[in-house]
Colleague: 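The structure that follows is given in the form of structure tokens.
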2 protein chains.
Amino acid sequence: MDITPDSHSRDGRGTSKIADGEASDLPDLQPSHLLAFALITELGSVSLAARRLHVVQAAVSAQLRRLREAVGDPLCRFEQGHLHLTPAGEELRKHALRVSEGVAAAREFARRLQRRIEGRLRIALTVTIGSYYLPCPLVAFQDRYPGIRVEMETGSSREIVGRAEDFDLVFVEEPLEGSAPPDYVRTPWIREEILLVVQRKSRLARDFPAGVALRHLQGEKVLWREADSGVRRAVERAFGTLRIEPPGHTELPSAQGLIEAARAGLGIGFVAASVLSGEDPELAALRINPPEGLWWRLAILAPPPAQRSAAAAAFLDQLQQSSDPMAHGDVPV
Amino acid sequence: MDITPDSHSRDGRGTSKIADGEASDLPDLQPSHLLAFALITELGSVSLAARRLHVVQAAVSAQLRRLREAVGDPLCRFEQGHLHLTPAGEELRKHALRVSEGVAAAREFARRLQRRIEGRLRIALTVTIGSYYLPCPLVAFQDRYPGIRVEMETGSSREIVGRAEDFDLVFVEEPLEGSAPPDYVRTPWIREEILLVVQRKSRLARDFPAGVALRHLQGEKVLWREADSGVRRAVERAFGTLRIEPPGHTELPSAQGLIEAARAGLGIGFVAASVLSGEDPELAALRINPPEGLWWRLAILAPPPAQRSAAAAAFLDQLQQSSDPMAHGDVPV
DNA sequence: CACGCTTACGGGGGTCGTAACAATG
DNA sequence: CATTGTTACGACCCCCGTAAGCGTG
């Protein structure tokens with residue numbers, strides 16, 4: 001036999017004397033009444049407490065009466081304009097103060113959360129994003145909200161997408177690997193072109209000044225970044241659709257190193273557009289697969305707006321604000 | 001200019017954003033929601049919390065939602081049948097637990113008060129009452145309610161009546177001296193006859209076997225108890241109305257001593273009826289002012305029933321129960 | 001008589017219960 | 001399919017605000 005709770009008790013919030021021998025028709029002790037009582041004892045006056053609670057005297061007076069009824073003992077007395085607590089009131093005051101402080105702390109905590117004074121932001125990202133794109137907005141965010149603790153975790157795209165529930169925001173490279181939780185939303189973040197870097201004097205630069213299709217690169221010596229590089233994986237994926245497998249030649253630990261190697265004629269390389277600053281007299285940056293180009297897209301995976309933490313919402317806001325100015329710029333590796 | 005609190009705000013208990021820059025239309029954080037949240041986190045389930053709160057799931061679910069809205073951050077998530085708290089939820093849980101414990105303590109305190117497991121009983125009384133009439137019912141009371149701390153204070157009738165507000169019960173001898181607070185109620189307690197003790201062979205015993213009027217005692221040698229004796233004051237008061245002042249002769253420190261002195265023929269004495277146990281071959285106990293006799297009345301001054309502490313009510317109950325059986329009996333001085 | 005606490009009374013909104021839906025194992 | 005959590009909706013009652021009463025300095 002399962003208890004359908006108070007099925008036939010219309011008494012919404014009342015005596016609550018289920019399976020309780022207590023035949024007392026007393027109203028049960030409400031936390032809010034304790035709050036009022038704590039304030040009354042602190043201020044020594046019902047009217048002052050009412051003022052601070054933004055209600056009229058009569059309301060607080062009624063709360064005090066209900067608390068007294070719930071306790072069953074008189075709690076205080078007003079004589080010669082001053083408040084006097086009975087022993088029971090004195091004792092109850094301690095509990096009321098404890099409750100009051102707890103609620104005040106909770107409210108203060110909520111307030112700090114809302115004002116972004118406090119909070120935690122758990123983000124997951126790939127090493128590439130963590131190295132190139134996130135540091136700048138992150139320091140800006142921390143500068144703006146110094147109280148928010150940011151906890152980062154890096155992992156493969158598939159891994160962090162699978163554990164998306166554990167994070168406020170997940171920064172991934174597209175196309176998404178793995179499956180995100182059902183109602184998560186994908187927000188486009190950065191869309192950047194991947195360019196081919198070759199010597200100006202090379203055959204490719206001469207033959208394809210307006211851009212080169214990937215299939216023309218077969219047999220070229222390619223300067224790769226390390227295996228988990230985001231750009232490398234994007235290019236490899238593009239090659240994969242063509243079933244072309246360009247032989248790896250050299251692995252460079254940084255984009256800058258790759259550029260230098262390309263300048264020296266050691267091979268061709270793929271870099272994100274933002275890495276190339278200004279014109280280079282010796283190097284050409286060619287569009288890939290013209291006219292659309294090969295684009296590298298970064299996206300943010302987030303819970304639906306209603307389920308976002310304030311910190312996450314603030315960070316997303318900031319990213320969206322500064323996504324046009326492209327403030328993330330070129331960060332040295 | 002005084003603030004009439006929310007005069008034109010019909011919003012009974014709502015956003016409460018008076019003079020608060022916060023333009024957030026969030027509901028404010030209710031203590032009861034914290035209680036529900038604490039229970040949810042403790043039990044790890046909304047339905048279990050609902051069971052224990054004697055409400056349906058939906059109600060608790062709604063409370064959880066309102067708390068989340070009030071905080072502005074998601075608090076928990078339900079995945080694979082288990083509860084997972086977000087960082088904000090984890091933090092809020094601490095405050096919620098504190099509040100929950102405080103409220104539980106307050107409720108437990110109220111319960112103990114109602115069951116008379118705990119409490120304080122502050123009583124005021126005259127030394128006479130404290131010596132003769134109160135000890136017996138008091139030990140019975142303490143035996144029945146061992147958890148209730150009894151605090152006694154003795155003083156003159158006028159003094160303790162004046163400070164009646166400081167006590168749960170005031171035991172006085174009538175007629176009352178001084179003025180009690182306006183709405184205090186007087187409960188008759190003990191009504192006992194004061195008898196005149198004389199030698200059987202004395203003239204008084206011979207002339208007035210059915211009782212003697214006070215005016216016939218003029219010139220007698222009176223054996224008094226000490227000045228603050230209740231019986232002595234009662235008799236003196238009776239004498240006072242007649243404007244007779246019987247010369248004091250001897251002061252005895254105890255009722256028993258007074259009786260012995262009377263037996264020895266040292267004078268006549270006044271004692272409460274209960275002090276005389278059984279017949280005495282040498283002594284006669286004469287009614288005073290027949291046929292009504294001279295009565296000594298004890299009364300209890302108490303706040304109106306609604307303002308009585310549970311302990312006071314219990315003690316009064318017990319006294320009323322055992323007032324007929326006269327269980328207070330004769331207590332040796 | 002100003003001030004503070006209490007009581008009585010009417011109205012609005014919060015909260016409960018019912019019911020239907022979605023997700024999970 | 002049983003269990004659990006959520007949403008929608010209607011009804012009830014708590015609580016607030018207004019107003020009057022009352023005691024006190």
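Naming: A, B, ... by sequence-line order, numbering from 1 per chain.
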Colleague: List the residues meeting side-chain hydrogen bond (donor to acceptor under 3.5 Å, both in side chains) with T126(A), not counting sequence neighbours, and say none if there are none.
Modeller: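 Testing T126(A) for side-chain hydrogen bond (donor to acceptor under 3.5 Å, both in side chains), a comparison that skips the adjacent residues, returns E173(A).
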Colleague: Rounded to the Å, how far apart are E69(B) CD and dT6(D) P?
Modeller: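 Between P of dT6(D) and CD of E69(B): 12 Å.
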Colleague: For R66(A) and dC13(D), what is the distance between atoms CZ and C1' respectively, to the nearest whole Å?
Modeller: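 Atom-to-atom, R66(A) to dC13(D), this comes out as 11 Å.
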Colleague: With sequence neighbours left out, write down each residue that passes salt bridge (charged side-chain N to carboxylate O under 4.0 Å, His left out) with R122(B), or none if nothing qualifies.
Modeller: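 Once residues adjacent in sequence are excluded, the partners of R122(B) under the salt bridge (charged side-chain N to carboxylate O under 4.0 Å, His left out) criterion are D168(B).
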Colleague: In this structure, how many angstroms lie between the P atom of dG5(D) and the CG atom of L39(B), rounded?
Modeller: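 Value for this atom pair: 12 Å.
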Colleague: Going by the rule salt bridge (charged side-chain N to carboxylate O under 4.0 Å, His left out), which residues pair with R98(B) if we only count those two or more places apart in sequence or in a different chain?
Modeller: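 Salt bridge (charged side-chain N to carboxylate O under 4.0 Å, His left out) list for R98(B), sorted by chain: E101(A).
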Colleague: Kindly write out the residues that satisfy side-chain hydrogen bond (donor to acceptor under 3.5 Å, both in side chains) with E165(B), not counting sequence neighbours, or none if the list is empty.
Modeller: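 Testing E165(B) for side-chain hydrogen bond (donor to acceptor under 3.5 Å, both in side chains), a comparison that skips the adjacent residues, returns R77(A).
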Colleague: Taking CD from Q30(B) and C1' from dT15(C), how many angstroms apart are they, rounded to a whole number?
Modeller: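 It works out to 11 Å between those atoms.
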Colleague: For nucleotides 4-9 of chain C, give me one character per nucleotide, 5' to 3': B if any protein heavy atom sits under 4.0 Å from the base, S if the only such contacts are to the sugar-phosphate, - if neither.
Modeller: SBBB--
Colleague: Using a 4.0 Å heavy-atom cut-off, does Q63(A) contact any base of the nucleic acid, only the sugar-phosphate backbone, or nothing at all?
Modeller: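 Sugar-phosphate, no base atom in range.
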Colleague: Could you tell me whether E42(A) and R93(A) have a side-chain N and a carboxylate O separated by less than 4.0 Å?
Modeller: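 Looking at E42(A) and R93(A), the cut-off is not met.
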Colleague: Tell me which nucleotide among dC15(D), dC16(C), dT18(D) gets nearest to the side chain of V56(A).
Modeller: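 Looking only at heavy atoms from C-beta outward on V56(A), the closest nucleotide is dT18(D).
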Colleague: Rounded to the Å, how far apart are L29(B) CG and dG14(C) C1'?
Modeller: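 Taking CG of L29(B) and C1' of dG14(C), I get 15 Å after rounding.
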Colleague: Among residues at least two apart in sequence or on other chains, which ones pass side-chain contact (heavy atoms from CB on, under 4.5 Å) with A59(A)?
Modeller: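 Checked A59(A) against side-chain contact (heavy atoms from CB on, under 4.5 Å); matches are V55(A), V56(A).
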Colleague: Give me each pair satisfying ring-ring contact (aromatic ring centres under 6.0 Å, His included) with a member in residues 85-107 of chain B, each pair once, sequence neighbours excluded.
Modeller: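 Of all non-adjacent pairs touching residues 85-107 of chain B, those that pass ring-ring contact (aromatic ring centres under 6.0 Å, His included) are F109(A)-H95(B).
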Colleague: Could you check whether H33(A) gets within reach of a base, just the sugar-phosphate, or nothing at all, counting any heavy atom under 4.0 Å?
Modeller: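 Since only primed, P, OP1 and OP2 atoms lie under 4.0 Å of H33(A), the category is sugar-phosphate.
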Colleague: How many whole angstroms separate atom CG of L43(B) from atom C1' of dT4(D)?
Modeller: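 Going from CG in L43(B) over to C1' in dT4(D) covers 14 Å.
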Colleague: Donor-acceptor check, side chain of R107(B) to backbone of L29(A), threshold 3.5 angstrom: yes or no?
Modeller: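 Checking the backbone N and O of L29(A) against the side chain of R107(B), a donor-acceptor pair under 3.5 Å is found.
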Colleague: Give me the bend of the helix from dC1(C)-dG25(D) to dG25(C)-dC1(D), using the axes of the five pairs at each end, rounded to 10°.
Modeller: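 That helix has its two terminal axes inclined by roughly 30°.
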Colleague: Among all residues two or more places apart in sequence or in another chain, which pass the side-chain contact (heavy atoms from CB on, under 4.5 Å) test with R120(A)?
Modeller: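 With neighbours one apart ignored, the set is R149(A), E151(A), P87(B).
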Colleague: Atom OH of Y184(A) and atom P of dA23(C): how far apart are they, to the nearest Å?
Modeller: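 Computing the Y184(A):OH to dA23(C):P distance gives 16 Å.
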Colleague: Can you check the L67(A) CG to dC15(D) P distance for me, whole Å?
Modeller: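 Computing the L67(A):CG to dC15(D):P distance gives 12 Å.
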